[in-house]
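Small disclaimer: the values here were computed from a predicted structure and weren't measured. Whatever order the structure lists ligands and atoms in, that order sets their numbers, starting from 1.
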Amino acid sequence: MTYEPVDWVSLDAEKVKNVTPRYARLRVDGNGSAKGQIIGWQNIELISDRPLEIMLKEFKQLKEEYPDRILIASIMEEYNKAGWEELIDRVEQTGVDALEINFSCPHGMPERRMGAAVGQDCALLEEVCGWINAKATVPVWAKMTPNITDITQPARVALSSGCEGVAAINTIMSVMGINLTTLRPEPCVEGYSTPGGYSAKAVHPIALAKVMNIAKLMKSEFGDTDYSLSGIGGVESGGDAAEFILLGANTVQVCTGVMMHGYGVVKKLCSELKDFMKQHNFSSIEDFRGASLEYFTTHTDLVTRQQEAIKQRKAIRKGLQSDKDWTGDGFVKETESMVSN
Ligand SMILES: Cc1cc2nc3c(=O)[nH]c(=O)nc-3n(C[C@H](O)[C@H](O)[C@H](O)COP(=O)(O)O)c2cc1C
């Protein structure tokens with residue numbers, strides 16, 4: 001239920017040139033502090049520069065060693081139909097169970113129309129989803145970018161174009177900070193930087209809002225049970241995962257949490273999630289998936305509900321509101337209604 005799709009693959013790893021340092025952290029204690037809990041993480045990493053052949057070999061080995069486990073390959077390619085078809089074909093031959101398509105990386109290679117360059121352009125997205133779904137024989141998830149005003153628009157396009165599900169969110173475009181001694185931005189590479197992708201705890205509330213919006217769209221326009229939704233962003237605990245599920249996610253992914261704390265985070269997360277389920281007597285994810293969705297409404301509706309609640313509270317309030325309310329003969333009962341013990 002909880003995982004990060006294995007490896008970020010594209011056909012031509014040769015074109016991927018990463019830099020170091022490529023990460024920067026935000027701590028609660030603020031700029032320049034080496035102390036305090038890490039709440040935000042920025043990366044300027046491109047997709048993996050490991051050769052495709054090695055990835056494919058590893059996928060195959062993983063499926064051979066763990067045939068009963070689900071393996072999902074996260075893939076990204078240029079705006080090139082033949083390239084996508086070749087990549088899908090080669091990845092599928094390893095026996096993966098599903099594909100997650102990266103339409104969402106916010107940095108790097110937009111000139112090659114990769115990642116968010118596709119996810120932010122619904123016409124392009126529809127075309128590329130069409131190529132992918134015509135070729136793929138395993139389920140396809142489209143991974144959405146939060147760097148867009150209304151995330152339900154690309155989600156709708158992806159689901160209408162044959163994708164079995166959507167995953168959200170990828171990282172949020174960010175500038176992590178400026179070193180106040182050198183006046184250079186972070187992460188600093190030879191004195192310069194470039195905006196990157198923000199992740200970890202600090203993005204969790206933003207991810208919850210995006211997932212909530214997509215879940216509502218899926219519920220109202222697509223069969224809620226025919227399509228799936230994967231929640232990503234700032235998950236470190238079972239409670240974080242439960243929140244995504246309560247908002248309609250079928251699965252939850254962890255990335256930065258594992259990078260910072262190691263694989264142990266996943267075991268802890270699963271046991272905390274089980275405790276949460278026990279506390280509420282839930283025996284399956286479906287018992288609580290989407291249970292909190294119905295409590296989101298419009299602000300206007302909140303005002304109406306509050307006015308109604310105040311009216312009801314006033315109606316049942318004990319005692320007289322003012323001395324002009326004494327009725328005369330009824331004073332014994334009226335006095336009684338204002339005694340506290
Ligand atoms: C160092 C790093 C590299 C990433 N590379 C990719 C990538 O190649 N493809 C992709 O779809 N998402 C990539 N992501 C995004 C994560 O999968 C995830 O969507 C995002 O970080 C939010 O989740 P988190 O807060 O659990 O990290 C990357 C994230 C990090 C931190």
Quick one: does [X] get a heavy atom under 4.0 Å from ligand 1?
X: Gly233; result: yes
X: Ala200; result: yes
X: Leu46; result: no
X: Ser104; result: no
X: Met76; result: no

Does atom [atom1] of [X] have more than 12 heavy-atom neighbours from other groups under 6.0 Å away?
X: Glu190; atom1: CD; value: no
X: Arg22; atom1: CZ; value: yes
X: Lys333; atom1: NZ; value: no

Examine [X] against ligand 1 and note whether any of their N/O atoms are separated by less than 3.5 Å.
X: Ile169; result: yes
X: Tyr23; result: no
X: Trp41; result: no

Quick one: does ligand 1 sit under 4.0 Å from the side chain of Asn170, the backbone, both or neither, non-hydrogen atoms only?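 The part of Asn170 near ligand 1 is both the backbone and the side chain.
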
Taking 4.0 angstrom as the limit and counting only heavy atoms of [X], give me the atoms of ligand 1 inside it, by number and element.
X: Gly234; value: 24 (P), 25 (O), 26 (O)
X: Glu45; value: 1 (C), 3 (C)
X: Met259; value: 1 (C), 31 (C)
X: Asn102; value: 7 (C), 9 (N), 10 (C), 11 (O)

Spell out, as yes or no, whether a donor-acceptor pair under 3.5 Å connects the side chain of [X] to the backbone of [Y].
X: Gln42; Y: Gly197; value: no
X: Lys314; Y: Ala309; value: no
X: Trp131; Y: Ala82; value: no
X: Asn147; Y: Ala116; value: no
X: Ser193; Y: Cys188; value: no

Quick one: are the ring centres of Tyr23 and Trp41 less than 6.0 Å apart?
-> yes

Shortest reach to atom 18 (C) of ligand 1 by a heavy atom, considering only Val16, Ile101, Ile232: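 Heavy atom nearest to atom 18 (C) of ligand 1 belongs to Ile232.
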
